[in-house]
2 protein chains.
Amino acid sequence: MGGVGIDDVARLAGVSTATVSRALRGLPEVRESTRARVRRAAAELNYVPSPSAASLASGRTRTIGLLTASFSRWFNRNVVEGAEERLRGAGFDVLLHAFDFAPDGSRAPIDMSTMRQRVDGMIVLGIPLSPEERLTLDNLNVPIVFVGTGPPDHVRVSMDDHDGSRIAIEHLAALGHRRIGQIGAKLPYDAHWSSASERHDGTVAALAALGIDYDDTLEAFGDYTQEGGRAAAAALLDAHPDMTALFAYSDEMAFGALEELRARGIRVPEDVSVVGIDGHELSGLIGLTTVAQDARAQGDAGASLLLEMIAGSNVGRDVRFPTALVDNGSTAPAPAVRAA
Amino acid sequence: MGGVGIDDVARLAGVSTATVSRALRGLPEVRESTRARVRRAAAELNYVPSPSAASLASGRTRTIGLLTASFSRWFNRNVVEGAEERLRGAGFDVLLHAFDFAPDGSRAPIDMSTMRQRVDGMIVLGIPLSPEERLTLDNLNVPIVFVGTGPPDHVRVSMDDHDGSRIAIEHLAALGHRRIGQIGAKLPYDAHWSSASERHDGTVAALAALGIDYDDTLEAFGDYTQEGGRAAAAALLDAHPDMTALFAYSDEMAFGALEELRARGIRVPEDVSVVGIDGHELSGLIGLTTVAQDARAQGDAGASLLLEMIAGSNVGRDVRFPTALVDNGSTAPAPAVRAA
DNA sequence: TTGTACGCGTTATCAG
DNA sequence: CTGATAACGCGTACAA
């Protein structure tokens, strides 16, 4: 029951352990009749190969490390789901390494060296990494795919952040909004290649293209949490009573903003319009207009890419997913326009 | 860089590999000065032990398997977070095995034998298992902890389901509601020990204690999804126009019910009151009164229990967490009462 | 197409 | 307290 080894199977099937190994792993050089016999013997004995022994002997682990920030974030949990399904379907296990940000937005340094020898590849999800952290990652000497946020010298899968901002800003501008507050993120180690940075740049570019002056006091940072979004909204509302719209870089931050607006008795969308990013499953019920992305598909794509890299392929550098505006009713013509 | 082994460290420290192993694992029988020397050598060489080799030799993996249904469910993702943090803190890795239900509520059979030799323990999250599935689990020969839903002959951590229903029903009854629809779940393999079953039983008991007749046509099944909750609400509203309240066994199903009510122009709470279970982070913004539980703490507790079992302790059978009503405004006196 | 035999990098036993 | 050495269970050259 506990100790059926490869030699037990070999004995029962009347072949050598080498043949058992080859047959069970589907190597082509085995006669089909032999393979069938081995399979039957293995099934009869309820044999399962020891992954430790296999890894030790082969150097491969058939395990992928998944580094992610908290599942309280819609994006992360959806990517993990998509990636996990694809990886398990391909016969890979998933080693989960999650971590949280402290309330002040900081976080403990992540040491990936514990993953050494444990994984054949890594997926890193949605967080900027410090140079030291990237070093411990690279020292793993396995392929790495970044999803959501990733440095330029690595393979990255994400939505088209720049274009997402353009869509949001153009939507608001078309409704006559000119004083648009932004709720962004300033995470540690953001070296200008995070999604937050790109959404910011896209916003600035979109405003410029529309001839609207960019005012950096119209940006506050919610760091992708609901509470952060609420605090950011509060700060912006205090500083800019004339603001008529809010663009949050995630639905969760937008939800926080909606809470703050409601608490102040400010009507949405009559007084202030709000747009988020994600396409959260509750944006419909809550009534939040959002720039929707398919996070699950990004997880799937990231996993697929990683598997190709492990198989030796030379994949490209970047995969960007499109976004689309979903109007759930939280935007309306700017008050001044309506008045006119 | 790639191939620093225990013997490299041994050579540099001037000791045997056995001593290196003992020193680095913190075994007590090593002189502190020796341990320090070994530690220094290991650090200098950037040595990380091979988990495969360690597992092969010791039989332990320092890895816990986590079996869970989709993270789209609030409960699951919060439990996973709580458990993951505790396990990683204790030096254990987490192997994630997720799966989805098909749209019709069924699911493919889960084969845990792939976890054989891979994990020192298992946490199973929130799903009833078939007898065959439980068998593949038990055949792993490792401690198992169930969180949320678990068979009576295993260690289980969950909220007090029975009492949660009591709280919800008493709250509604105190407001004068008598025709209370329930949105429950009928998952495959539910052998009467699931949270859904217990919430149902608790509801029936609470109604009986209040002298309210139980009517099984007032129960529909949403299977813990938002869409399912919406469909269940629709069916109940069609069949029972006189129904004045809905009690859903999860916030997500309640959210679906709110969607359906809104689509029909039925006001909440003026026409129909709604209560959920969970304390979802968006229940406040959405305005859903709910019986709140601490899912993260349950994940933490489940992990702690499992670690104790792995260490050889004989833990108890059951840990139940309390719940508390959070009034977010979706309940009001029953219309008939108001009219009176 | 199959078998032999060595090696993978630790842990654990037993001496010392 | 420390060292030598035999497992641990498989993958894979190499040979047949």
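All values derive from a computational prediction rather than experimental measurement. We name chains A, B, ... by the order of the sequence lines, and we start the count at 1 in each one. Because only heavy atoms are used, hydrogens play no part in the values below, and waters and symmetry mates are left out as well, while side chains stay in.
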Counting any heavy atom closer than 4.0 Å, what does [X] reach on the DNA or RNA strands: base, sugar-phosphate only, or nothing?
X     : value
A:R60 : sugar-phosphate
B:R25 : sugar-phosphate
B:S55 : nothing

Kindly point out which of [options] is positioned nearest to the side chain of [X]?
X     : options               : result
B:I6  : C:dT11, D:dT12, D:dC1 : C:dT11
B:L56 : D:dG3, D:dC8, D:dT2   : D:dC8
B:S50 : D:dG3, C:dT10, D:dC10 : C:dT10
A:T17 : C:dT10, D:dC10, C:dA5 : C:dA5
B:A54 : D:dG11, C:dT11, D:dT2 : C:dT11

> Got a second to check how far B:N139's CG is from B:D111's CG, nearest 0.5 Å?
Replying inline: 10.0 Å

> Once you round to the nearest 0.5 Å, how far does CZ of A:R39 lie from CG of A:L24?
Replying inline: 7.0 Å

Within less than 4.0 Å of OP1 or OP2 of [N], is there a side-chain N or O belonging to [X]?
X     : N     : result
A:S16 : C:dT4 : no
A:T34 : C:dT1 : no
A:T19 : C:dG3 : yes

>> Just by distance, no angles: are the side chains of B:R118 and B:T114 close enough, under 3.5 Å, to form a donor-acceptor pair?
In response: no

Measure the distance from [atom1] on [X] to [atom2] on [N] and round it to the nearest whole Å.
X      : N      : atom1 : atom2 : result
B:D120 : C:dT11 : CG    : C1'   : 14 Å
B:R22  : C:dT11 : CZ    : P     : 11 Å
B:R118 : D:dG9  : CZ    : P     : 16 Å
B:R37  : D:dC1  : CZ    : P     : 14 Å
A:Y47  : D:dG9  : OH    : P     : 10 Å
A:L24  : D:dG9  : CG    : P     : 17 Å
B:D7   : D:dT5  : CG    : C1'   : 14 Å

>> Judged by each residue's nearest nucleotide on DNA chain D, which is more toward the 5′ side, B:E32 or A:L27?
In response: B:E32

> Of B:S58 and B:V30, whose nearest nucleotide on DNA chain D comes first from the 5' end?
Replying inline: B:V30

> Ion pair present between A:D300 and A:R86, side-chain N to carboxylate O less than 4.0 angstrom?
Replying inline: yes

> So does B:R296 pair up with A:D100, basic N to acidic O under 4.0 Å?
Replying inline: yes

